[in-house]
Amino acid sequence: MDDDDPHRRPEGVSDETVRALGSLSKALETTECARGHLFAFHQHTGAADFELDRAVELLRAAGHPALAERVRTEILGRNVIPGHWTFQIVDAYDRTYYQPFRDLEREAVARLAEGRRHLYEAELKEVRRSRGHPDHTSRPDGPRT
């Protein structure tokens with residue numbers, strides 16, 4: 001890898017540090033996936049709540065006004081956990097867990113690796129790629145070696 005490669009290990013960074021940063025980044029990436037599921041939960045719950053408007057209307061039209069009213073008053077707009085709609089859960093997750101985790105990971109990379117991210121993966125790529133193959137280049141803008 002070139003000296004100007006942003007994924008090149010800075011001088012003096014140990015194998016152990018690269019592995020530790022790789023593990024920290026992997027944990028953050030897993031958290032990113034969990035956060036995505038949380039947003040999916042938020043969106044699906046919201047879509048279901050809006051579909052309840054239609055269910056209420058259809059139940060009334062089908063001659064079930066009492067059941068329609070129960071759906072409207074007991075389920076539509078209901079908190080998903082006490083005092084919380086899904087957006088509040090997402091906000092609390094971001095504030096309490098996600099942001100501090102992301103900030104700490106960035107600080108660790110800045111402090112231990114001069115801000116160079118994905119060192120572990122970059123070195124793994126160098127070991128696993130087939131040199132000379134046109135689809136195994138070292139860098140997007142680099143030579144095909």
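Residue indices begin at 1 and follow the sequence shown. These values consider heavy atoms only, across backbone and side chains, with no hydrogens, waters or symmetry-generated copies.
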To the nearest 0.5 Å, what is the distance between [atom1] on [X] and [atom2] on [Y]?
X    : Y    : atom1 : atom2 : value
R35  : T30  : CZ    : OG1   : 14.5 Å
H44  : T86  : NE2   : OG1   : 11.5 Å
R129 : L124 : CZ    : CG    : 12.5 Å
K26  : E29  : NZ    : CD    : 9.0 Å
L58  : E51  : CG    : CD    : 8.0 Å
E69  : L76  : CD    : CG    : 10.5 Å

Any side-chain to backbone donor/acceptor pair from [X] onto [Y]? Under 3.5 Å, distance only.
X    : Y    : value
H42  : A40  : no
S14  : T17  : yes
H136 : S130 : yes

Between [X] and [Y], what is the shortest heavy-atom contact and its length?
X    : Y    : result
D49  : G77  : OD1-N, 2.7 Å
E105 : S25  : OE2-OG, 2.7 Å
P10  : A113 : CG-O, 3.4 Å
R60  : A68  : CG-CB, 3.5 Å

- Item | Side-chain heavy-atom pair L52, R72 within 4.5 angstrom cut-off |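 No; the side chains remain at least 4.5 Å from each other.
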- Query: Are R117 and R106 close enough that some pair of their side-chain heavy atoms sits under 4.5 Å apart?
  - Reply: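 A side-chain contact under 4.5 Å is absent here.
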- Query: So, are R131 and E126 salt-bridged, with charged N and O less than 4.0 Å apart?
  - Reply: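 The answer is yes: the pair qualifies as a salt bridge.
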- Item | Reference residue E123; test side-chain hydrogen bond (donor to acceptor under 3.5 Å, both in side chains); the match among H118, R9, R8, H7 |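 The passing option is R9.
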- Look at atom NE2 of H84 and say whether more than 12 heavy atoms of other residues, nucleotides or ligands are closer to it than 6.0 Å.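 More than 12 within 6.0 Å, yes.
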Is there a continuous path of hydrophobic side-chain contacts, each under 4.5 Å between heavy atoms, that joins [X] to [Y]?
X    : Y    : answer
I75  : W85  : no
L59  : V56  : yes
Y120 : V109 : no

- Could you list who else is in L24's hydrophobic cluster, with ILVMFWY side chains joined at under 4.5 Å, directly or through other members?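 When side chains under 4.5 Å apart are linked, the cluster holding L24 also contains L28, L38, F39, F41, V80, I81, I89, V90, Y93, Y97, Y98, F101, L104.
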- Message: Go through it in stages, so that I can follow the logic: the residues are V13 and L112, the test is side chain to side chain contact (heavy atoms under 4.5 Å, CB included), and I'd like the CA-CA distance, side-chain angles, deciding distance and then a yes or no.
- Response: CA-CA 7 Å; V13 176; L112 302 176; over 6 Å; no
